[in-house]
Amino acid sequence: MALHLKQLNIFKDGSLMLSLDATVNKGEVLSVMGPSGSGKSTLLQAIAGHLATPFSMTGKILIDNQSIDDKPPHLRGIGIMFQDALLFEHMTVEQNIIFAMPKTKRYSVSKKRESVSNMLEAVGLEGMQNRAVTTLSGGQQARISLLRSLAAEPRAVLLDEPFSKLDTALRDQIRTWTLEQLRCRGIPALLVTHDSDDAVAAGGQTFELLPC
Amino acid sequence: MIGYSNYFYRVTILARWLLLILLTVPVLAGVVGVVLPAFGYFPAIGANAVSMDVFARLFALDDAAEMIALSLTTGAASTLIACLCAFSLLAVFYRTRVLSWLQGLFSPFLVLPHAAASISLLFLLSPSGFFARLFTFDSDAIPSSSQSYFLFDELGLGIVLALIVKEVPFILLMALSVMSQPLIKEKINGYFNVGVSLGYSSISVFFKLILPVLYPQIRLPLLAVLVFAVSNVEIPLILGPNNPSTLAVAVLHWFNHIDLSMRLMASAAAVVQVGVAAVAIGLVILIENILAWLGERSWLSGKRTFGDDGLKLLSLFVVAGYAVLVAGTLFNLVLFSVAQHWPFPQVLPSGLTVLHWQSVLEAALEPIINTLILGGMVSLTALVLVLLALENEVLGSFNRAPDKAHSYQSNAGALLNIALFLPLLVPGVAFLYGLVWFQQIALKNAVWFHVYIAHIVYVMPYVFLSLAIAYRKLDSRYAMVAQSLGKSPIRVFLSIKLPLLAGPIMVAFALGLAISFSQYLPTLLATGGAISTVTTEAVAAASGSSMRLSAAYVIIQAVLPLVGFLLAWWLPGVLFTPRKVQINNKTTSPQPFRGS
């Protein structure tokens, strides 16, 4: 799996805002850095298919040499994570994760449950299936949020300053863990951040956006 | 437009158009149906000639000018005074705990329909009412008509009082809901802090800095309040003078006159009523401009206070007034509905009985069922259409061709904004008769359908306005995350957005029910009296002068919407909270981690 951004140009009200040409290979992380207002989040929205007025784009977005430009957001297979965990509060931990799992005949509900149990155990959150998400700590929410993204079996993941709201001690821990999860699953990721520590930890290419 | 076509998106477009049609077509058709007879065209009674004769006859009436003046003065005065009261309450109590307590105090008159509120005032202020009882010490006294405590007076003070009592809580609620929107709240808090740090009193900060931000946001609903005030029927019918009455009441009587030719007169008067509403709006715009000019001068004066003491006094007076009214109303309604013999001027009845309630519940059963069925159907329709139309706004904003999509969106948005306020800015007496005329031509016996349409016109704007704020405020990233998990737009709408918005949705539904329950004129006209609801029965009981029956009906009118709002407040928590929360809340120490 690889994510290609071919001569991607993003416009605001018709004038060029940013352009980017990059390939992110399997298990790699491309860090995009820049001050606020430089269009970092807009770039992610373009890739995820959420670009709305007044923004527009030209260029191609490919996953495994397959263009995804014309696909609606929900069929692109691209996971997004924000600085807030955004867990669905009307669902339990387990319901959040199972909601994300693809609908295939392979899984029965009991199998999905078992898989959730394994995922939680692997990240030290065993037995939390039926917890209401609002009762979790910040670090726990961040981990569930990533598990939820991974459960959808995404072909690429976009990270929008996902660690910026965590306190310093927790940030390092969650960052290391998140990057490790993505690497060992071989998922290409694009990390948007204004914290250079994030880019260093990600260890991949870094792309700097200029303020405009 | 959208880069992929899908079935759900098309359904939302359809819903948006249906919503627009339901808001505009009945009103416009109704206006046409009134304008034609007003100019003498009414084939049913053989009138075919188009002329100004009817208007000439109307203005030749002795009291035509008085009726118009009464409508205009009561409506404009009540709205202006209500604004002053509501703004001074906000200025004095903004950022204090009193404000939430005040909302509690005002809630009875907020949920009480206009008809019920008027009847409540009747209990307190009529010649044999509670206040007369309190201040009559001669036990042999008989209620005197001279002691009427300004009801039925020529100036319409009773109407003004009832309108103010209903309007202040409404204006306050609107202002507070605008002030709670995140962007505006942030701005207002900033202005407040800066203003106070510059040495301005909190009251002067409100009028000089906050009101200019707030006012444009509540201007349209305020004008809708004004139009209602100059043109409503139920309050002047119950509390107003009869000879002459307000123009709207005269329209009602002329339309219901046995002599069909009076319909021409009624139509002409209805057209004049639109003019009266327009003049009232013009007057308010003039006052707005004068106040804006004075306001700008007050910025330059550097004065750090803004009539602080006077406004504090006014606020206390308003709060005390409401306390007396609410306590007096509750006391009277409850006692009257269970009173045995209660002769004037005794302050307490001679004994209690549940006999009235037995007979009332028997008689009211059918109206209650009618009210619930009608309100339920209307609110459900409005809710579904509004939710789909709001989702259409979201779906329609993702696009590949920004220029086209942008103009489509803004045109559609502007059209919708006009349509939402159309039924509220065109006086009901003006278009409802015309609507009924068309409905009788098209589908003569479909009474339920007619009343359903007449109610939807009024319910839809409120459901939309109450839901739009919460819907547009919902963090769009939830939907993005769900879509990134592979969920289709319809799935995101059903599984994520609706549950997350369960609270506001239920409140909008309850509001829809309350608005439908309170409709008097639309119900009366569209059904021609064939379907009775709690509100039509309550007005009938009030004019039939059975105090006990009226009291019971007012209580039912208050309880029905109240139950709706209570359910709206209680159900979402039960339905959309994960099952095991309670257990876990006790065993773990929650560390909430939530985004902005």
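Note on naming: letters A, B, ... go to the chains in the order of the sequence lines (proteins, then strands), and numbering restarts at 1 for each one. Just so it is clear, the structure is predicted and the values come from calculations on it, not from any experiment.
Of the two parts of A:L75, neither the backbone nor the side chain holds a non-hydrogen atom closer than 4.5 Å to a non-hydrogen atom of chain B. When heavy atoms are compared at a cutoff of 4.5 Å, B:A482 approaches chain A by way of both its backbone and its side chain. With a threshold of 4.5 angstrom between heavy atoms, B:S476 does not approach chain A through any atom at all. Heavy atoms closer than 4.5 Å to chain B are found nowhere in A:A48, neither backbone nor side chain. Residue A:L87 touches chain B through its backbone alone, counting heavy-atom pairs closer than 4.5 Å. Looking at A:F11, there are no atoms closer than 4.5 Å to chain B (heavy atoms on both sides), in backbone or side chain.
A side-chain donor-acceptor contact under 3.5 Å links B:S484 to the backbone of A:I80. No side-chain donor-acceptor contact under 3.5 Å links A:S145 to the backbone of A:A142.
Heavy-atom pairs under 4.5 Å with chain B were tallied for A:E153, A:M57, A:R148, A:M101; the largest tally goes to A:R148. Counting heavy-atom pairs closer than 4.5 Å to chain A, the top residue among B:P499, B:P572, B:A502 is B:P499. With respect to chain B, the highest number of heavy-atom pairs below 4.5 Å among A:P102, A:P154, A:A151, A:G79 belongs to A:G79.
Using a cutoff of 4.0 Å between basic side-chain nitrogens and carboxylate oxygens, A:D160 and B:R477 are not scored as salt-bridged.
No more than 12 heavy-atom neighbours from other residues, nucleotides or ligands sit within 6.0 angstrom of OH on B:Y191. The environment of A:E126 atom CD is dense: over 12 non-hydrogen atoms of other residues, nucleotides or ligands sit within 6.0 angstrom. Within a 6.0 Å radius of NZ in B:K185, no more than 12 heavy atoms belonging to other residues, nucleotides or ligands are found. For NZ of A:K112, the number of neighbouring non-hydrogen atoms (other residues, nucleotides, ligands) closer than 6.0 Å is greater than 12.
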